[in-house]
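Note that the numbering runs from 1 along the sequence shown for the chain. Basis for what follows: all heavy atoms, side chains included, without hydrogens, waters or symmetry-related copies.
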Amino acid sequence: GTVIDPRAVLTAARSYCAGVVETVYFGDSVHGATSTGHVSGGKSMIPCQPTFRIEDGDVAVLTLDSPLTVPARAFASSSLLNSTKVGRAVGFGVGANSIADPAGIKRMVDVPMASVSCNGTVKVGQATFADSIYYHCAQGREIVAGAPSLDKDTCNGDSGGPLYVQSADGSLYLAGTTSRATGAPGLRPCGDGGIYVRTDGSVVSWIQSLGIHIFVGPP
């Protein structure tokens with residue numbers, strides 16, 4: 001998750017709807033957390049029941065019962081997000097080897113942007129497919145980052161974590177939240193690319209509708 005307000009953490013709807021609604025951990029390791037926050041409530045952007053449609057907006061906000069000292073992360077503007085070539089994913093999920101690299105440890109990886117808004121095309125042999133068909137992403141609302149066989153990717157347990165992009169001055173802005181692996185044919189669940197929900201547009205509007213004040217940059 002990502003702190004977006006002194007009492008709010010942005011995460012994945014799939015996590016919230018699955019019951020991850022108790023405690024938020026801060027630090028480099030879940031088992032050696034520097035601090036924790038108690039979750040007092042939350043809301044998913046998409047309904048958890050009766051039908052969960054992940055492509056409609058896999059984001060949720062957890063509300064904490066006490067203000068955090070962790071600074072809130074600024075959101076990337078649409079112009080910054082659309083122009084970026086590389087994103088930095090951060091999460092506590094498993095590594096390439098779930099035994100040697102178990103979940104619960106914070107890791108980061110820089111991944112190339114394959115499609116910043118799922119509105120391009122992919123050519124396979126003589127055939128051309130829309131990104132939305134090939135990757136199984138939501139056009140205009142999701143990012144595809146990573147590449148087949150790159151082995152730099154998010155994995156199980158990273159859902160809800162941030163995808164950052166860097167501005168000209170080196171600052172990192174929140175561009176997306178980790179959702180799932182791409183649905184391209186023949187690709188592995190981890191290592192071949194992932195799908196991230198863009199945190200601009202409708203997501204920003206929804207967060208603001210909850211009364212949460214966020215900063216969008218760079219200026």
Side-chain angles (χ1 to χ4, degrees), residues 1-45 48 54 57-66 68-76 86-112 142-146 150-166 172-182 188-199 203 207:
T2 307
V3 176
I4 59 171
D5 176 86
R7 293 184 59 180
V9 173
L10 185 67
T11 188
R14 64 189 304 170
S15 301
Y16 173 79
C17 292
V20 183
V21 293
E22 295 181 359
T23 306
V24 177
Y25 295 83
F26 301 93
D28 293 330
S29 168
V30 171
H31 304 293
T34 56
S35 63
T36 60
H38 180 262
V39 177
S40 58
K43 189 173 181 63
S44 172
M45 185 174 172
C48 297
I54 197 169
D58 187 14
V59 294
V61 168
L62 303 179
T63 305
L64 306 184
D65 59 6
S66 299
L68 300 169
T69 57
V70 178
R73 181 67 65 171
F75 285 59
V86 176
R88 175 166 294 176
V90 181
F92 287 82
V94 298
N97 184 317
S98 60
I99 302 300
D101 303 311
I105 300 171
K106 184 163 67 176
R107 302 179 177 90
M108 69 177 187
V109 65
D110 291 340
V111 287
E142 292 183 325
I143 301 164
V144 180
L150 184 63
D151 288 330
K152 293 182 178 181
D153 198 8
T154 45
C155 198
N156 300 331
D158 287 323
S159 294
L163 179 72
Y164 297 124
V165 293
Q166 194 172 53
L172 293 175
Y173 291 85
L174 182 64
T177 57
T178 303
S179 179
R180 60 199 184 277
T182 70
R188 299 169 293 170
C190 306
D192 291 335
I195 296 174
Y196 305 80
V197 182
R198 287 178 62 118
T199 50
V203 172
I207 292 172

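Residue F75 comes nearest to T199 through the heavy atom pair CD2-O, 3.2 Å, listed as atom of the first residue, atom of the second, then distance. The shortest heavy-atom contact between R88 and L172 is NH1-CD1, 4.2 Å. C17 approaches S44 most closely through the heavy-atom pair SG-OG, 4.1 Å. Smallest separation of non-hydrogen atoms from G176 and L174: O-CD1, 3.4 Å. Nearest approach of A13 to G57, heavy atoms of both residues: CB-O, 4.1 Å.
From D5, atom CG reaches atom OG1 of T63 across 8.5 Å, with rounding to the nearest 0.5 Å. A distance of 11.5 Å separates CD1 in I195 from OG1 in T177, rounded to the nearest 0.5 Å. Between R14 atom CZ and S179 atom OG the span is 5.5 Å, to the nearest 0.5 Å. In this structure, D158 CG and F92 CZ are separated by 9.5 Å, a value rounded to the nearest 0.5 Å. In this structure, CE in M45 is found 10.5 Å from CG in D58, a value given to the nearest 0.5 Å. Expressed to the nearest 0.5 Å, how far CD1 of I207 lies from CG of L10 amounts to 5.0 Å.
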One pair to check against side-chain contact (heavy atoms from CB on, under 4.5 Å): R198 and V59. What are the steps and the verdict?
CA-CA 10 Å; R198 287 178 62 118; V59 294; over 6 Å; no
Could you walk me through whether R188 and D153 satisfy the side-chain contact (heavy atoms from CB on, under 4.5 Å) test, starting with their C-alpha distance in whole Å, then the side-chain angles of each, then the deciding distance to 0.1 Å, before giving a yes or no? CA-CA 11 Å; R188 299 169 293 170; D153 198 8; over 6 Å; no
Discussion item. Working note: V24 + V39, criterion side-chain contact (heavy atoms from CB on, under 4.5 Å); need CA distance, chi angles, decisive distance, verdict.
Written reply: CA-CA 7 Å; V24 177; V39 177; 3.8 Å; yes
Decide yes or no on side-chain contact (heavy atoms from CB on, under 4.5 Å) for Y164 and R73, but give the supporting numbers first. CA-CA 10 Å; Y164 297 124; R73 181 67 65 171; 3.5 Å; yes
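Applying the side-chain contact (heavy atoms from CB on, under 4.5 Å) rule to S35 yields the partners F26; only residues at least two apart in sequence or on another chain are considered. By the side-chain contact (heavy atoms from CB on, under 4.5 Å) test, D28 pairs with K106, sequence neighbours left out. Remark: T178 engages no residue in a side-chain hydrogen bond (donor to acceptor under 3.5 Å, both in side chains) (not counting sequence neighbours).
Side-chain contact check for T11 versus L62: some heavy-atom pair is nearer than 4.5 Å. Side-chain atoms of K152 and V111, non-hydrogen and from C-beta on, do get closer than 4.5 Å to each other.
A donor-acceptor contact shorter than 3.5 Å is absent between the side chain of Y196 and the backbone of L163.
For D110, the CG atom is densely surrounded, since the number of other residues' heavy atoms within 6.0 Å is greater than 12.
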